[in-house]
Amino acid sequence: MSGAPAGISLDNWLSAPYSHWSFQHVEDFVPTAVISRGTGPPAELPAASAPIADIPVTGTDGLATTVGAVMVATATDGWAVAHRGSMVAEEYLNGMGPQTGTCCSR
């Protein structure tokens, strides 16, 4: 497990700070299997951008923040929101991108 954080184990790989590495390297840490998406073309999700990251929320500390700030503060590597057949928000952080994070897309 080249590049794995010191101290990572099957008991803690789903918890921060280990989850940041393990979610992007699942196939390096636990057994995985490729599951075919089928033979037809992939479904396209048209973009219908919405400023989801700017939505105000109250943090667990009671202070005002935004959805985007919560994602950054919680070691979230990527998030997407699809609504009624369109991709309305998509953001990648910490080295993740649209084609990273799974065994089959590299």
Side-chain angles (χ1 to χ4, degrees):
M1 289 189 306
S2 177
I8 192 168
S9 70
L10 289 175
D11 293 328
N12 63 16
W13 74 286
L14 296 175
S15 301
Y18 306 108
S19 58
H20 174 72
W21 179 87
S22 63
F23 288 170
Q24 291 194 39
H25 297 90
V26 171
E27 71 279 7
D28 296 334
F29 194 62
V30 296
T32 62
V34 174
I35 300 172
S36 172
R37 64 164 182 80
T39 58
E44 294 292 328
L45 287 179
S49 184
I52 304 254
D54 298 332
I55 293 174
V57 295
T58 301
T60 57
D61 56 6
L63 299 176
T65 188
T66 64
V67 169
V70 169
M71 294 300 152
V72 169
T74 56
T76 300
D77 292 328
W79 58 281
V81 177
H83 180 67
R84 295 185 178 177
S86 294
M87 185 64 69
V88 296
E90 187 172 17
E91 184 173 3
Y92 301 98
L93 307 160
N94 303 316
M96 184 171 257
Q99 301 301 318
T100 61
T102 64
C103 66
C104 309
S105 61
R106 290 190 184 153

Same cluster or not: are [X] and [Y] linked, directly or through other Ile, Leu, Val, Met, Phe, Trp or Tyr residues, by side-chain heavy atoms under 4.5 angstrom apart?
X: M71; Y: V88; value: yes
X: Y18; Y: V30; value: yes
X: M87; Y: W79; value: no
X: V70; Y: I55; value: yes
X: V72; Y: L63; value: no

If you compare all heavy atoms of [X] against all heavy atoms of [Y], which two are closest, and at what distance to 0.1 Å?
X: A89; Y: I52; answer: CB-CG1, 3.5 Å
X: G85; Y: L45; answer: O-CD2, 3.4 Å
X: T66; Y: D54; answer: CG2-O, 4.0 Å
X: P46; Y: E44; answer: CD-O, 3.5 Å
X: S36; Y: G38; answer: OG-N, 3.0 Å

Look at the side chain of [X] and the backbone N and O of [Y], then say whether any donor-acceptor pair between them is shorter than 3.5 Å.
X: S22; Y: W13; value: yes
X: T76; Y: G78; value: no
X: D28; Y: A4; value: no

